[in-house]
Amino acid sequence: MKIVVLDGFSANPGDLSWEELKKLGSLTVYDRTEPDETVVRASDAEIVLTNKVIISSEVIAQLPKLRYIGVLATGYNVVDTKAAHERGIIVTNVPAYSTESVVQMVFAHLLNVTNRIEHYAKQNRNGRWTVNPDFCYWDFPHMELAGKTFGIVGLGNIGMRVAQVALAFGMRVKALTSKTAEALPAGIEKSSLEELLTTSDVVSLHCPLTGDTRHLINAGTLQLMKPTAILINTGRGPLVDDHAVADALYGKRLAAFCADVLTDEPPMISNPLLDQPDAFITPHIAWASTEARIRLLQVATGNVSAFLSGSPVNVV
């Protein structure tokens with residue numbers, strides 16, 4: 001059984017092992033694959049694993065031996081699942097492997113804005129505190145989280161864990177969710193989008209990207225938010241309109257934007273968010289803790305093993 005990993009570097013840049021997957025077949029791992037290389041590299045493979053390499057209907061049509069596509073992520077929009085299903089090709093993903101890692105990044109971003117640890121550490125490496133006339137100094141207002149309102153858009157695995165942590169900080173939590181109010185755990189209030197945006201001090205996005213949620217945060221919805229609010233996106237880049245958010249930051253109609261994802265990745269140098277001092281952008285790494293990547297490879301390998309045994313799991 002020939003197994004090809006088309007873009008393995010992000011999940012495993014060399015600190016983890018492919019040995020368990022190698023036990024399941026003849027394995028070839030490519031760090032990266034360009035679009036014009038996909039068909040050639042996967043041509044003899046029965047099993048293909050991809051993270052961000054697109055497996056379109058055109059690609060599938062040129063791979064007659066292909067029986068299985070494993071996505072090395074939770075989102076599987078990189079695969080034309082309709083074309084795969086029509087060919088009888090099994091497609092799987094890796095659900096919920098990065099929940100704790102992403103939740104941690106949400107609050108790393110939030111605490112960075114409220115406490116500015118890196119700013120002060122840098123200042124003091126340059127000797128500022130040593131010449132300060134007082135025993136302390138601050139350059140930004142400090143915001144206490146307790147008692148503030150945390151709005152969550154989407155209450156799946158990650159959104160629910162974010163809610164739990166926000167509650168632990170003593171925050172009031174509102175959620176835009178399809179769940180009924182009665183089904184929500186104590187402390188989480190069901191809310192409309194308008195109410196959530198107008199009343200929240202922090203808004204964090206955890207909904208899937210669909211036609212309805214693309215540019216959910218736009219010039220119009222940003223006008224609903226408090227000018228002191230912090231917006232966090234660790235979900236999908238196109239949930240927000242980059243230009244509208246940049247304009248809101250520039251006009252001081254939004255206090256801060258924290259994002260681990262952008263519409264285009266890597267972003268173009270012209271992306272207006274990159275030079276906004278109140279935009280804090282990390283390079284799509286919320287999922288990438290060592291522990292999360294270990295889980296990712298373990299589940300992905302288990303998915304292949306289950307497929308080979310005739311009882312596939314995590315099928316999408």
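Since this is a predicted model, take the numbers as computed values, not measurements.
- Under the ring pair (Phe, Tyr, Trp, His ring centres under 6.0 Å) criterion, F169 pairs with F107, not counting sequence neighbours.
- Residues satisfying the salt bridge (Lys or Arg N to Asp or Glu O under 4.0 Å) criterion with E100, sequence neighbours excluded, are R161.
- Among pairs with a residue in residues 54-69, those fulfilling salt bridge (charged side-chain N to carboxylate O under 4.0 Å, His left out) read D44-K65, at least two apart in sequence or across chains.
- For residues 298-314, there are no salt bridge (charged side-chain N to carboxylate O under 4.0 Å, His left out) pairs, not counting sequence neighbours.
- Within the structure, side chain to side chain donor-acceptor pair (under 3.5 Å) contacts touching residues 224-235 (residues at least two apart or in different chains) are D201-K226.
- Under a 4.5 Å side-chain heavy-atom criterion applied to ILVMFWY residues, the cluster that includes L197 comprises V153, L176, L193, L196, V203, L205, L209, L216, I217, L222, L224, M225, L231, L239, V240, V245, L249, L254, F257, L262, L273, L274, I281 as well.
- Residue pairs meeting the side chain to side chain donor-acceptor pair (under 3.5 Å) criterion with at least one member in residues 288-297, sequence neighbours excluded, are D15-R293, S101-S289.
- With sequence neighbours excluded, the residues that form a ring pair (Phe, Tyr, Trp, His ring centres under 6.0 Å) with F140 are H119.
- Listed by first and then second residue, the salt bridge (charged side-chain N to carboxylate O under 4.0 Å, His left out) pairs involving residues 22-31 are E19-K22, E20-K23 (not counting sequence neighbours).
- A salt bridge is absent between E144 and K148; no separation between the charged side-chain nitrogens and carboxylate oxygens falls under 4.0 Å.
- The side chain to side chain donor-acceptor pair (under 3.5 Å) analysis of residues 103-115, with sequence neighbours excluded, yields the pairs H109-T282.
- A cation-pi arrangement, defined by a distance under 6.0 Å to the six-membered ring centre and an angle within 45 degrees of its axis, is present between R41 and Y30.
- The ring-ring contact (aromatic ring centres under 6.0 Å, His included) pairs that include a residue from residues 291-316 are Y68-F307, where partners are two or more places apart or lie in different chains.
- Screening residues 240-252 for salt bridge (charged side-chain N to carboxylate O under 4.0 Å, His left out) gives K252-D278 as the qualifying pairs, with residues at least two apart or on separate chains.
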